[in-house]
Structures are given as structure tokens and as C-alpha cells.
Amino acid sequence: MNLRQKILLMFSLTVILAVGAVAWTVSVRVRSLFESLDRDRTAALVNQFVHEYLRRGDEVAHRVDRMARDERVVRMAYDLAHGGDPATYLTEAGTLAQEYELDYLELVQPDGGIVSSAQWPAHFGYKEPAIANVGLPTFLKEEILGQDRSETGLFVAQAIPGTESALDIVAGERLDSAFLANLSAPAGSTLYLYRNSSSPFDASSLIDAAGAVSDDVRYKDVIDQARSSGMQMSARTTAGDSESLNLTAIPLKSASGSVIAVLLVANSRRELVEAQQHIRRIAYGVAGVGILFAIIVSLWIAARVSRPVEQLAQATRNVARGDWEVRVPVTSRDEVGLLAEAFNRMTVELVSQRARLVQSERVAAWRELARRLAHELKNPLFPLQLTVENMIRAKKLSPEMFEEVFAEGVTALTDEIANLKAIIGRFSDFSKMPKPQMNQIDLRDVLVRVIRLYGPGLEQREDPITLVSKLPANPLLVSVDSELMHRAFSNLVLNAMDAMPDGGTLTITAVRKGGNVRTTIADTGHGMTTEECERLFTPYYTTKQEGTGLGLAIVQSVIADHHGAIVVDSTPGSGTAFVIDLPAIGAENGVRG
């Protein structure tokens with residue numbers, strides 16, 4: 001991922017996270033606001049219900065009070081107190097209920113026996129427990145209307161005034177759809193009433209201001225929870241987001257404390273869902289615009305920042321490849337522009353320093369070559385000088401001695417001249433290393449040639465050297481000059497032999513490692529120090545008393561010409577290992593010992 005893509009990703013993520021955080025915060029705040037609004041609407045509806053309940057209760061109490069002072073009722077109470085027959089008043093409750101506009105009316109004797117019932121005439125003679133509430137405020141009561149019918153109403157119980165009265169009045173009104181219709185529910189809120197105190201949930205007992213409710217399955221659980229616990233319960237329906245409701249179930253209790261009805265407030269979540277969807281759409285729109293803005297800004301920043309940085313990076317890669325003349329255009333005076341100027345100055349200084357370094361290396365190389373050549377030529381020149389001086393002295397002394405010295409001198413001169421030629425030849429070979437002639441070969445063949453060449457001689461030494469070879473079973477294909485590689489491996493084997501004058505073990509291994517063929521030539525000789533290892537491949541450097549110091553330099557040159565690498569691993573007293581890696585051809589194969 002380049003800098004331009006990173007900038008675009010950073011801006012896009014920033015916009016998305018910022019918009020997401022704002023949308024989430026607003027959504028949470030809106031949800032909290034709607035929940036607070038739901039609570040307020042629920043409380044307002046409950047307050048309306050309580051207010052209407054008290055108002056209707058006062059009206060019922062007022063009507064009952066007027067009825068208790070009605071001359072007919074007073075005369076009826078007096079008659080019953082003095083032994084009158086209750087059966088004569090069986091239909092009086094119906095007449096009085098119609099006259100005083102009461103839904104429920106029962107005339108009850110002090111012992112609870114019903115004298116007359118407007119809502120259930122056949123209930124004559126049954127006991128009415130509600131007379132225990134005589135003198136109490138309005139109360140709720142479930143009124144039995146038959147074997148399978150019951151209704152919930154608000155009731156008032158009052159005794160007929162007078163010391164000789166033997167009659168009480170229990171009267172009330174229904175809690176029904178008409179009662180709920182008098183309540184003003186705000187938009188999105190609905191008030192329901194469940195009128196059944198029996199244990200099983202009865203769907204027909206749930207009503208609203210319009211009558212019976214058909215879709216009542218959603219409310220069953222919260223109503224049952226309120227009936228069983230006797231406490232206010234809350235729940236939420238899950239029938240689709242836009243149609244979901246917040247439900248609050250409030251139990252309504254009788255004077256004895258038992259739950260005989262449940263007031264249910266249902267607040268629609270449609271407005272909340274629509275508000276959240278609206279917020280979400282706005283968030284998506286803002287995010288889209290923000291991402292578009294981020295793309296534009298990132299392109300602008302790319303033109304101002306990333307493109308010069310990319311140019312600078314490319315220029316750095318060019319310098320690493322050896323293009324010292326590369327320059328970066330300076331298009332601004334900010335930090336990026338200053339960086340480009342510094343890079344250009346650096347390349348100019350590098351070119352200058354490189355030229356000076358090359359010149360210094362050339363001078364040092366020529367000095368070292370001259371020193372080495374002088375050292376190598378000095379050794380044979382000294383015997384040449386002595387031989388010539390001896391011949392001159394012999395000629396002055398006597399002809400016989402000259403002849404004898406001349407013959408010996410000619411032999412010595414010939415030998416030393418041959419030595420000079422050999423020295424000059426070695427330097428000439430190093431100065432004109434041949435270019436490799438690449439061919440695809442099996443590297444094992446080169447190693448086998450080296451092993452066959454030096455193996456017998458190792459065993460015949462006064463202090464024999466054990467040769468151990470570990471070559472793979474399948475070919476190690478490489479593209480090399482077989483003769484040059486043979487010379488390089490031979491040189492390393494000779495060095496290993498020289499490092500073990502007292503005998504030891506010479507190990508030659510070859511394996512496929514990754515994309516290379518790795519050859520290791522290791523000895524158990526005296527080893528070398530870290531400083532010696534660092535200078536080992538320097539031309540004319542040698543750790544032996546005899547030698548030009550060109551052998552390992554030639555080996556390194558051969559390996560480099562084959563695009564390989566050579567390293568040395570040595571510890572004083574523990575031997576030395578030369579590791580050569582050459583580019584491999586083909587797949588990895590098995591191993592043979």
C-alpha cells in the first residue's frame with residue numbers, strides 16, 4: 001500500500017468513524033428522548049384514567065346518596081327493618097337503576113343478603129360481600145352476571161340513613177369502552193383495559209375505546225406478568241420495527257388487594273423508528289459526501305506530498321542501482337522541497353566522494369601492486385646478483401675456476417629467471433581473468449573431479465587427511481563455467497590441505513538450499529582469527545609463508561562472476577569452512593550419502 005492509498009484510507013476511516021460516532025450519539029439521544037416521551041405519555045394517560053375514575057366515582061356516589069334519601073327507598077328500609085317481606089321488592093332495583101342511570105344496583109340487607117338486583121334479578125337471596133365496603137370511597141369490583149359472564153366496574157356502597165334502617169345500597173358503573181372513550185389519548189398511544197381476574201388469559205376480556213381488541217396475542221405476556229406479580233410491568237412487542245410498541249401494564253386492584261383488571265398503555269415506536277431511519281439516511285449521505293471529499297483531499301495531498309515523496313523514493317532506488325546522476329525536481333519550498341534539495345546535494349557529494357574514493361583506491365591498488373611485485377622480484381634478483389658477482393671474481397682469479405663457477409652460475413641464472421617468469425605469469429593471470437563460458441551442468445560432476453584428483457594424495461601423506469564427501473542423490477543443476485569452478489574448488493581444497501599439516505578431516509558437502517546450491521569445503525586445521533577472515537579475500541594477502549595471496553582473491557572473483565557468494569567461517573583451533581552459494585536451476589531433490 002503506497003502513501004496515496006494510506007492517506008485515502010486514513011481520511012475515509014476518519015470520516016466514517018466521525019459520522020458513525022455522531023449518528024450513534026444522536027440515535028442514542030433520540031431513543032432516550034422518545035423513551036422519556038413514552039413515559040410522559042404513559043403517565044398522562046394513567047393520570048387521565050385516575051381523574052376519570054375519581055370523577056365517575058363521585059358521580060356514582062352522588063346518585064347513590066340521592067337514592068338513599070328517596071322516600072321510596074327509605075320506606076323500603078323501614079319496612080324491612082320491621083319484618084317486611086323482601087320478596088315484595090324483587091324488581092325495585094331495576095326501576096331505581098334505570099331512574100338513577102346506574103349500570104349496577106343491588107339492595108342488600110345488613111347480613112349481606114340481596115333483596116333486589118338490577119343486573120342479575122335471579123341473584124335474590126345470595127350474599128353480597130361488598131357491604132363490607134360501606135362508608136369507604138369508590139372501589140373496583142368484578143360483578144358476576146351469570147354462570148360465564150362477569151364485568152368490572154367502579155362501585156359505591158352506602159347504608160340508608162336512619163337508626164331503624166335495615167337496607168344498604170351497592171351501586172356502580174361499568175369500566176368499558178365508553179369509559180375509555182372519555183379519555184383523550186395522544187397520537188401514537190392507545191389505552192386498553194383487560195377485565196378478567198380468572199387465571200387463564202381470556203382474549204375477549206381485552207377492550208379499547210372502540211370495543212373488543214382482535215390482535216391481542218402481543219399483549220398476553222405483559223398482562224399475565226402484571227396479573228401474577230401485582231406490579232407495573234413493561235415490555236416491547238417485536239412484530240416489525242415500524243409496528244413495534246412499548247407496553248406498560250398497570251394492575252387495578254379491588255378493595256381486598258387482589259388484581260381484578262389490568263390497564264394497558266401501548267405507545268407506538270413508529271416515530272422513533274422513522275427518526276432513527278432518517279438519522280441513518282442522513283449519516284449515510286454525510287458519509288458518502290465525506291468519503292468523496294476525502295478522495296478529493298487525498299488527491300490534492302498526493303499532488304502536494306505523496307508524489308514528491310514517491311519521486312524521492314524512486315530516485316533513492318536509482319542511486320542504489322548505481323545511477324549517481326539522478327536528481328529530484330524541487331517543486332515547493334516546504335519540508336518536502338527542503339528534503340528534495342538535501343537529496344540533490346547528497347547525490348552531488350556522493351559523486352564527488354565516489355570519484356575521490358575511486359582515485360584513492362586506484363592509487364592504493366597500484367602502490368600495493370608495486371610493493372608486492374617488488375617483494376616478489378626481490379627474492380630471485382638477490383641470487384642473480386650473487387651469481388654474477390661470483391662469476392666476475394672467478395674470471396679475475398683464474399680461467400679454470402671461471403669455467404667451474406660459470407657452469408654453476410648459468411644453472412642458477414636459468415633457475416632464477418624461470419622463477420621470475422613464473423612470478424610474472426601469476427600476476428598476468430590475475431590481471432586478465434577469463435570471462436566465464438556458462439553452461440548448464442551438474443555441480444556434482446565438478447566436485448567429483450576435484451575429489452578424484454586430490455583424494456588419493458590425501459591418504460598417501462605422511463600425516464594422512466580423511467576425505468568425507470556428502471553429495472545429494474539427484475542432480476544439482478547450475479549454470480557455470482565448469483573449468484573455472486574446478487579451479488576455484490581446487491584452490492579451496494589446496495588451502496584446506498595446507499591448513500592441516502598434521503592431518504585431519506576434509507569435508508565436502510553440497511545441498512539444495514532455497515533457490516541456491518550450497519557447497520561447503522571444511523577442514524579441521526588451525527583456523528583463523530576474525531581479523532584474518534575479514535582480510536582473507538584481499539588480493540596479495542596471505543597467512544602462509546609462501547604464496548602470492550592471489551588464490552582466494554581469484555576464487556572470490558570466479559564466484560562473483562557466476563552471481564554467487566562465498567563466506568568463510570573459522571575459529572582458531574577449530575578449523576575453517578568455506579561456504580559457496582550458486583544460483584540453482586530446477587526443483588529440490590533427494591539426498592544421497
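Please read these numbers as outputs of a predicted model, since none were measured by experiment.
What you find for Ile131 and Gln109 is that their closest heavy atoms are CD1-O, 4.1 Å. Listed here is the closest heavy atom pair of Val170 and Phe155: CG1-CD2, 4.0 Å. Closest non-hydrogen pair, Ile260 versus Ser254, comes out as CG2-CB, 4.0 Å. Scanning all heavy atoms of the two residues, the minimum distance from Ala130 to Phe139 falls at CB-CZ, 4.2 Å. Closest heavy-atom contact between Pro251 and Ala226: CB-O, 4.0 Å. Heavy atoms only, all atoms of each residue included: Asn267 and Arg41 are closest at CB-NH2, 3.8 Å.
Distance OG/Ser184 to CG/Leu45: 8.5 Å, rounded to 0.5 Å. The distance from the CZ atom of Arg75 to the OH atom of Tyr89 is 8.0 Å, given to the nearest 0.5 Å. Considering CG of Leu193 and CD1 of Ile207, their distance stands at 5.0 Å, rounded to 0.5 Å. Here the OG1-CD distance, from Thr248 to Gln232, works out to 6.0 Å after rounding to the nearest 0.5 Å. Taking CG from Leu102 and CZ from Arg174, the interatomic distance works out to 11.0 Å, rounded to the nearest 0.5 Å. Note that the CD1 atom of Ile160 and the CZ atom of Arg69 stand 9.5 Å from one another [nearest 0.5 Å].
Although no hydrogens or angles enter the test, the distance criterion places no donor-acceptor pair under 3.5 Å between the side chain of Ser116 and the main chain of Leu107. In terms of modelled atom types and a separation under 3.5 Å, the side chain of Lys253 and the main chain of Gly230 share a donor-acceptor contact. Checked by atom type and distance alone, the side chain of Arg66 never pairs as donor or acceptor with a backbone atom of Ala68 at under 3.5 Å.
Taking the side chain as every heavy atom from C-beta outward, Met67 and Leu105 approach each other to under 4.5 Å. At least one side-chain heavy atom of Leu96 sits less than 4.5 Å from a side-chain heavy atom of Val73. Contact check for Ile566 versus Val579: no side-chain heavy atoms found under the 4.5 Å cut-off. Using a 4.5 Å heavy-atom cutoff, the side chains of Val222 and Leu264 are in contact. Under the 4.5 Å side-chain criterion, counting only non-hydrogen atoms from C-beta, Leu245 is not in contact with Arg236. For the pair Val115 and Leu80, the minimum side-chain heavy-atom distance is below 4.5 Å. Here the side chains of Leu54 and Thr138 are not in contact, with every heavy-atom distance at 4.5 Å or above. At least one side-chain heavy atom of Leu206 sits less than 4.5 Å from a side-chain heavy atom of Ile223.
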Are Ser234 and Leu247 close enough, and set up right, to give a side chain to side chain contact (heavy atoms under 4.5 Å, CB included), and what steps lead you there? CA-CA 5 Å; Ser234 297; Leu247 304 177; over 6 Å; no

Mind running side chain to side chain contact (heavy atoms under 4.5 Å, CB included) on Tyr53 and Leu140 for me, showing each step along the way? CA-CA 10 Å; Tyr53 174 83; Leu140 289 177; 3.4 Å; yes

Give the intermediate values and the outcome of side chain to side chain contact (heavy atoms under 4.5 Å, CB included) for residues Ile250 and Val262. CA-CA 6 Å; Ile250 304 168; Val262 175; 6.0 Å; no

Could you give me the CA-CA distance, side-chain angles and deciding distance for Leu582 and Asn516, then say whether side chain to side chain contact (heavy atoms under 4.5 Å, CB included) is met? CA-CA 5 Å; Leu582 295 171; Asn516 295 322; over 6 Å; no

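Looking at Asp65 and Gln158, their side chains do bring a donor and an acceptor atom within 3.5 Å of each other. At a cut-off of 3.5 Å, with distance as the only test, no side-chain donor of Thr190 or Asp208 sits close to an acceptor on the other residue. In this structure, a donor-acceptor pair under 3.5 Å is absent between the side chains of Thr152 and Glu142.
The side chain to side chain donor-acceptor pair (under 3.5 Å) with Tyr104 is formed by just one residue from the set Glu173, Glu143, Glu151; it is Glu151.
Using a cutoff of 4.0 Å between basic side-chain nitrogens and carboxylate oxygens, Glu128 and Lys141 are scored as salt-bridged. The residues Asp176 and Arg195 are annotated as not salt-bridged, no charged nitrogen and carboxylate oxygen being separated by less than 4.0 angstrom. In this structure, Lys220 pairs ionically with Asp224, as a charged nitrogen and a carboxylate oxygen lie closer than 4.0 Å.
At most 12 heavy atoms of other shown residues, nucleotides or ligands fall within 6.0 angstrom of atom CD in Gln98. In this structure, Met231 places its CE atom where only 12 or fewer heavy-atom neighbours from other residues, nucleotides or ligands lie under 6.0 Å away.
Aromatic pair Phe49/Phe179: centroids less than 6.0 angstrom apart.
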